[in-house]
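Everything below concerns the one structure shown next.
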Amino acid sequence: MGRKQADSQFGRFALLVLFLIAAISCCMAYLSFSVAFKGSGDTISLGSSERLRSNAKEKEEENGCCRGIEHLELWGDAVKWGSEFKVNSSEECCKACKEMCKGYYGPCLCDSWVFCGNRETCGSRFGECWLKKQKDTLYPDRRDSGDEVIWTSGLIFGKGEGIVKLKTEYGVVHVKLLPDCAPHSVAYILELLLLHHCAGCEFYRAESRGESWDPQGNHIEHASFGPPFALIQGTLEAHGTIFKDIPIEVCPTVRRGSIAWVGSGPEFFISLANHNEWRKAYTVFGYVLPEDMEIVEKIAQLPTIPEVWSNVKVSVLERPIPLRFLRMKKSP
């Protein structure tokens with residue numbers, strides 16, 4: 001497996017900036033570090049002198065996600081007709097669907113929405129918000145797509161919905177997808193569910209929480225931010241397929257159990273810790289259910305060999321672990 005990496009000057013530049021700030025202000029000290037990820041031949045480095053956010057704030061931000069995919073029209077049974085229901089933005093349309101998906105019992109009344117938001121191309125249909133119900137949320141009915149399509153569409157997964165399996169030889173990890181936060185990312189995962197194989201999809205890097213994060217993923221005061229960086233990393237590019245870069249879709253920060261892309265993919269990682277210091281640098285498109293994090297921790301403890309990526313020490317698995325996304329079995 002190739003590990004071509006670009007040289008990064010970010011670490012030295014960040015240290016220089018922090019040194020100058022400290023010299024001028026004489027009242028603050030900063031700690032900086034670099035985190036390296038292998039992805040598409042690039043190495044990504046991040047500074048850690050960012051202000052930490054509270055768990056409550058992160059939850060609020062995640063709930064506030066409401067995005068869709070432009071130039072896509074989803075079909076399905078209408079539960080509210082757009083000809084009679086108009087709003088000012090795709091976000092308002094998305095939130096209207098979410099309002100019909102707040103119950104703790106039973107399926108969502110609305111699991112998809114379609115909005116026309118370009119006044120010139122939509123004409124009299126401008127502002128129409130169609131709220132719909134799919135027969136299968138993991139295989140939504142796509143009526144049309146392309147630049148000529150005037151609609152923006154999105155999915156909503158309610159409680160207990162939008163959960164898929166990530167199968168490895170060490171066990172099956174159940175993943176909750178977040179289409180309202182990362183619609184393009186989730187669309188790609190749904191495409192993987194249709195494949196008969198995912199040859200080439202694998203985990204190749206594994207790093208434990210070390211002495212920097214506790215078992216709940218909280219950073220230990222005065223500890224470093226790595227290495228190790230508390231994650232397992234891999235690729236979701238299947239052999240025989242053409243991967244198209246995923247656009248950056250920022251909403252939640254990286255928490256313990258978060259699944260996120262490295263850059264625009266296909267490299268991705270599952271976090272073992274609450275990486276508040278990374279803020280919103282990565283597109284989080286799902287999270288591992290808490291009861292399955294034991295399997296992720298098990299993979300993080302497998303034998304590794306040390307490597308250096310852009311002057312940062314990383315731990316690469318001695319043997320890559322194949323993986324595959326699968327649908328949950330439908331209830332009889």
Check your understanding: Relative to each other, are the rings of His219 and Phe225 parallel, tilted or perpendicular (30° and 60° limits)?
Key -> parallel

Check your understanding: Do Asp180 and Val186 have side chains that get closer than 4.5 Å, going by heavy atoms?
Key -> no

Review point. Going by the disulfide bond (SG atoms under 2.5 Å apart) test, which pairs reach into residues 123-159, not counting sequence neighbours?
Key: Cys93-Cys129

Practice item. Answer yes when Lys298 and Glu294 have at least one side-chain N-carboxylate O distance shorter than 4.0 Å, and no when they do not. Key: no

Review point. Leu177 pairs by side chain to side chain contact (heavy atoms under 4.5 Å, CB included) with which of Thr137, Leu155, Leu190?
Key: Leu190

Practice item. Report the residues that fulfil side-chain hydrogen bond (donor to acceptor under 3.5 Å, both in side chains) with Arg256, sequence neighbours left out, ordered by chain and then residue number. Key: Glu297

Review point. Should Glu99 and Lys95 be marked as a salt bridge (charged side-chain N to carboxylate O under 4.0 Å, His left out) after you check the CA-CA gap, both sets of side-chain angles, and the distance that decides it?
Key: CA-CA 6 Å; Glu99 285 296 319; Lys95 288 182 177 179; over 6 Å; no

Review point. Got a salt bridge between Glu207 and Arg205, using NZ or NE/NH1/NH2 to carboxylate O under 4.0 Å?
Key: yes

Point to revise | Beyond-backbone contact of Trp213 with Leu272, side-chain heavy atoms, under 4.5 angstrom | key: no

Point to revise | side-chain hydrogen bond (donor to acceptor under 3.5 Å, both in side chains): pairs with one or both residues in residues 65-86, sequence neighbours excluded | key: none

**Study point:** Side chains of Trp151 and Trp130 in contact at under 4.5 Å (non-hydrogen atoms)
**Key:** yes

Check your understanding: Under the side-chain hydrogen bond (donor to acceptor under 3.5 Å, both in side chains) test, which residues partner Ser90, sequence neighbours left out?
Key -> none

Revision key, fill the gap. Closest heavy-atom pair, Cys116 versus Ile150, reported as atoms and distance to 0.1 Å, is SG-CD1, 3.6 Å

Point to revise | Exceeds 12 heavy-atom contacts within 6.0 angstrom, atom CD of Glu211 | key: no

Check your understanding: Under 4.5 Å between any side-chain heavy atoms of Trp261 and Asp245, yes or no?
Key -> no

Check your understanding: Do the side-chain sulfurs (SG) of Cys97 and Cys94 come closer than 2.5 Å?
Key -> no

Check your understanding: Does Val314 share a hydrophobic cluster with Ile305, counting links as ILVMFWY side-chain heavy atoms below 4.5 Å and allowing steps through other members?
Key -> yes

Check your understanding: Looking at OG1 of Thr241 and CG of Leu195, how far apart are the two atoms once the value is rounded to the nearest 0.5 Å?
Key -> 6.5 Å

Revision key, fill the gap. Rounding to 0.5 Å, atoms CZ (Arg209) and CG (Asn218) come to a distance of 10.5 Å

**Study point:** Residue pair Glu202 / Ile321, side-chain heavy-atom distance below 4.5 Å
**Key:** no

Exercise for review: Search all heavy atoms of Cys122 against all heavy atoms of Gly117 and return the closest pair with its distance.
Suggested key: SG-N, 3.6 Å

Practice item. Please check if the side chain of Asp214 supplies one atom and the backbone of Gln216 the other of a donor-acceptor pair under 3.5 Å. Key: yes

Exercise for review: Check whether any side-chain heavy atom of Trp113 lies under 4.5 Å from a side-chain heavy atom of Met100, and answer yes or no.
Suggested key: no

Check your understanding: Hey, does Leu302 have a side-chain heavy atom less than 4.5 Å from the side chain of Glu318?
Key -> no

Revision key, fill the gap. Of Val164, Val296, Leu289, the one forming a side chain to side chain contact (heavy atoms under 4.5 Å, CB included) with Val173 is Val296

Exercise for review: In a single word, yes or no, tell whether Cys101 and Cys110 have an SG-SG distance below 2.5 angstrom.
Suggested key: no

Point to revise | Enclosure of Lys167 NZ (heavy-atom neighbours >12, cutoff 6.0 Å) | key: no

Point to revise | Result of checking Met328, Arg327, Arg324 against Lys165 for side chain to side chain contact (heavy atoms under 4.5 Å, CB included) | key: Met328

Review point. Will you find, in the side chains of Thr253 and Trp278, an N or O donor that is under 3.5 Å from an N or O acceptor?
Key: no

Review point. Can we call the ring centroids of Phe203 and Phe268 under 6.0 Å apart?
Key: yes

Point to revise | Rounded distance (nearest 0.5 Å) linking atom CZ of Phe325 with atom CG of Leu138 | key: 12.0 Å

Exercise for review: Verify, without hydrogens or angle tests, whether Ser153 (side chain) and Leu74 (backbone) share a donor-acceptor contact under 3.5 angstrom.
Suggested key: yes

Check your understanding: Listed by chain and number, what are the salt bridge (charged side-chain N to carboxylate O under 4.0 Å, His left out) partners of Glu169, not counting sequence neighbours?
Key -> Arg319

Review point. Is Phe85 linked to Phe126 within one hydrophobic cluster, defined over Ile, Leu, Val, Met, Phe, Trp and Tyr using a side-chain heavy-atom separation of less than 4.5 Å?
Key: no

Practice item. Check whether any side-chain N or O of Glu249 sits under 3.5 Å from a backbone N or O of Cys181 as a donor-acceptor pair, and report yes or no. Key: no

Study note, to complete from the structure: In short, Gln134 meets Pro140 closest at the heavy-atom pair OE1-CA, 3.4 Å

Check your understanding: Hey, is the main chain of Leu323 close enough, under 3.5 Å, to the side chain of Thr168 for a donor-acceptor pair?
Key -> no

**Study point:** Summary of salt bridge (charged side-chain N to carboxylate O under 4.0 Å, His left out) pairs that have at least one residue in residues 107-128, sequence neighbours excluded
**Key:** Asp111-Lys133, Arg125-Glu128

Review point. Any idea how Tyr282 and Phe269 line up, ring-wise: parallel (<30°), tilted (30 to 60°), or perpendicular (>60°)?
Key: perpendicular

Check your understanding: With a 4.5 Å limit on heavy-atom distance, are the side chains of Ile259 and Val288 in contact?
Key -> yes

Point to revise | Within one Ile-Leu-Val-Met-Phe-Trp-Tyr cluster: Tyr139 and Ile156, side-chain cutoff 4.5 Å | key: no

Check your understanding: Would you say His275's side chain and Glu277's backbone share a donor-acceptor pair under 3.5 angstrom?
Key -> no

Review point. Where is the tightest heavy-atom contact between Gly160 and Lys176, given as atom of each residue plus distance?
Key: N-NZ, 4.3 Å

Exercise for review: If the plane angle is over 60° it's perpendicular, under 30° parallel, otherwise tilted; pick one for Phe243 and Tyr188.
Suggested key: perpendicular

Exercise for review: Without swapping roles, check the side chain of Thr283 against the backbone of Ile248 for a donor-acceptor pair under 3.5 Å.
Suggested key: no

Exercise for review: Any chance you could measure Asp292, atom CG, to Leu166, atom CG, to the nearest 0.5 Å?
Suggested key: 9.5 Å

